[in-house]
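Everything below concerns the one structure shown next.
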Amino acid sequence: MASRGTGKQVRKSAAERRREIVAAAALVGLEEGLECVTRQRIADGLGVQSGLIHHYFPVVEELVAEAFARATTAELDGLLPEAAAGAEAADGVDGVEGGPLDAFRRFFTLISGAEFDNVSKLWLNARHLSRYRPALHGQVVSQELRWCHRIEQIIARGVREGEFRCEDPWASAVRILAVVDGASAYINTSADRRTEPLADLARRLAEAELGLAAGGLRLP
């Protein structure tokens, strides 16, 4: 019979523990809703006492805000990797094989799938709750600007490299993201009746904003 290991358990640093708590809260927020991010819920998920969560987050609203920021930052980096916005090619970055055109083709394909539903629900949830929660409001504004800025950077790179034609990358980024968000507004209610008519709306707008022919942002 094999014996159990008797290795000494390594104590996590404060920074590691805090990251673990925020990561767990981000997953709960994404899958269940930000209202479910409570000390007890996160403690139960991690197998620790709720007092430990309180130690790191005496104000639970700060945990909710950080959970939202972590979840949306991770989704942004997955959908539009930062490398796609830079001067260097994004070869080998999570499926991004080239420049801005490839990055946007991949982006609009991913957001049209059911896997994006939880992200849409999270944003809708956060925007509602942020009316009453100042810490969350600050993160919602910050993340909105972060997403717009990432899109702006990719557009600007595409203009420099001759893939796009756009006079104002920031304005186009804001309009594109507004349509992506607007098309997701029915995710909790009549999505089954509205999804199909809205499926290509954001991509079609983006094609027009970037001076591309219809279908230019479809994956080949």
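Here the structure is a predicted model, which means the values were calculated and not measured.
- Side-chain contact annotation: N125 with E35, donor-acceptor N/O pair under 3.5 Å present.
- Transitive grouping of hydrophobic side chains (ILVMFWY, heavy atoms separated by less than 4.5 Å) keeps W170 and L205 in distinct clusters.
- Closest approach of A71 and L122 over heavy atoms only: CB-CD2, 3.7 Å.
- Using the six-membered ring where Trp is involved, F108 and F104 have ring planes that are tilted, between 30° and 60° apart.
- Judged purely by atom type and a 3.5 angstrom limit, R105 uses its side chain to pair as donor or acceptor with the backbone of G216.
- I155 places a side-chain heavy atom less than 4.5 Å from the side chain of I176.
- Interatomic distance, L76 CG to E82 CD, rounded to the nearest 0.5 Å: 8.5 Å.
- R70 and E66 are not joined by a salt bridge, as no carboxylate oxygen comes within less than 4.0 angstrom of a charged side-chain nitrogen.
- Judged by distance alone, the side chain of S130 and the main-chain N or O of R127 form a donor-acceptor pair under 3.5 Å.
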All N/O donor-acceptor pairs, side-chain side in residues 37-45, below 3.5 Å, sequence neighbours left out:
| from | atom 1 | to | atom 2 | distance (Å) |
| --- | --- | --- | --- | --- |
| T38 | OG1 | R41 | N | 3.0 |
| R39 | NE | F57 | O | 3.3 |
| R39 | NH2 | F57 | O | 3.4 |
| R39 | NH2 | P58 | O | 2.5 |
| Q40 | NE2 | D44 | OD1 | 2.8 |
| R41 | NE | E32 | OE1 | 3.4 |
| R41 | NH2 | E32 | OE2 | 2.6 |

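- Without hydrogens or angle criteria, R157 side chain to A84 main chain gives a donor-acceptor distance under 3.5 Å.
- Using a 4.5 Å heavy-atom cutoff, the side chains of F164 and P100 are in contact.
- With rounding to the nearest 0.5 Å, the separation of OG in S184 from NZ in K121 is 11.0 Å.
- One distance of note links SG of C148 with CZ of R175; it measures 11.5 Å at 0.5 Å rounding.
- By the 4.5 Å heavy-atom criterion applied to side chains, R131 and H137 are not counted as neighbours.
- Contact record, A85 with Q153: CB-CB, 3.5 Å, taken as the closest heavy-atom pair.
- Under the side chain to side chain donor-acceptor pair (under 3.5 Å) rule, T72 has a single partner from Q143, R146, E144, which is Q143.
- The local environment of CZ in R204 is sparse, with at most 12 non-hydrogen atoms from other residues, nucleotides or ligands closer than 6.0 Å.
- Tracing side-chain contacts under 4.5 Å through hydrophobic residues (I, L, V, M, F, W, Y), one reaches V174 starting from V141; they form part of the same cluster.
- Taken from NE2 in H149 to CD1 in I154, the straight-line distance is 10.5 Å, to the nearest 0.5 Å.
- Side-chain contact between L110 and F116 is absent, with no heavy-atom pair separated by less than 4.5 Å.
- Under a hydrophobic-cluster definition in which Ile, Leu, Val, Met, Phe, Trp and Tyr are linked whenever side-chain heavy atoms come within less than 4.5 Å, directly or via other members, L27 and L124 are assigned to different clusters.
- L46 and V60 are not part of a single hydrophobic cluster, where members link through side-chain heavy atoms under 4.5 Å apart.
- A side-chain donor-acceptor contact under 3.5 Å links E207 to the backbone of L217.
- The nearest pair of heavy atoms linking A69 to Q139 is CB-OE1, 3.4 Å.
- Side-chain contact between W147 and E75 is present, with at least one heavy-atom pair separated by less than 4.5 Å.
- Residues V64 and L129 form no side-chain contact, since every pair of their non-hydrogen atoms from C-beta on lies 4.5 Å or further apart.
- Across all non-hydrogen atoms, the minimal contact from L63 to A25 is CD1-CB, 3.7 Å.
- Here the closest non-hydrogen pair linking E62 and A135 is OE2-CB, 3.9 Å.
- Interatomic distance, L34 CG to L136 CG, rounded to the nearest 0.5 Å: 6.0 Å.
- Rounded to the nearest 0.5 angstrom, I53 CD1 and R18 CZ are separated by 11.0 Å.
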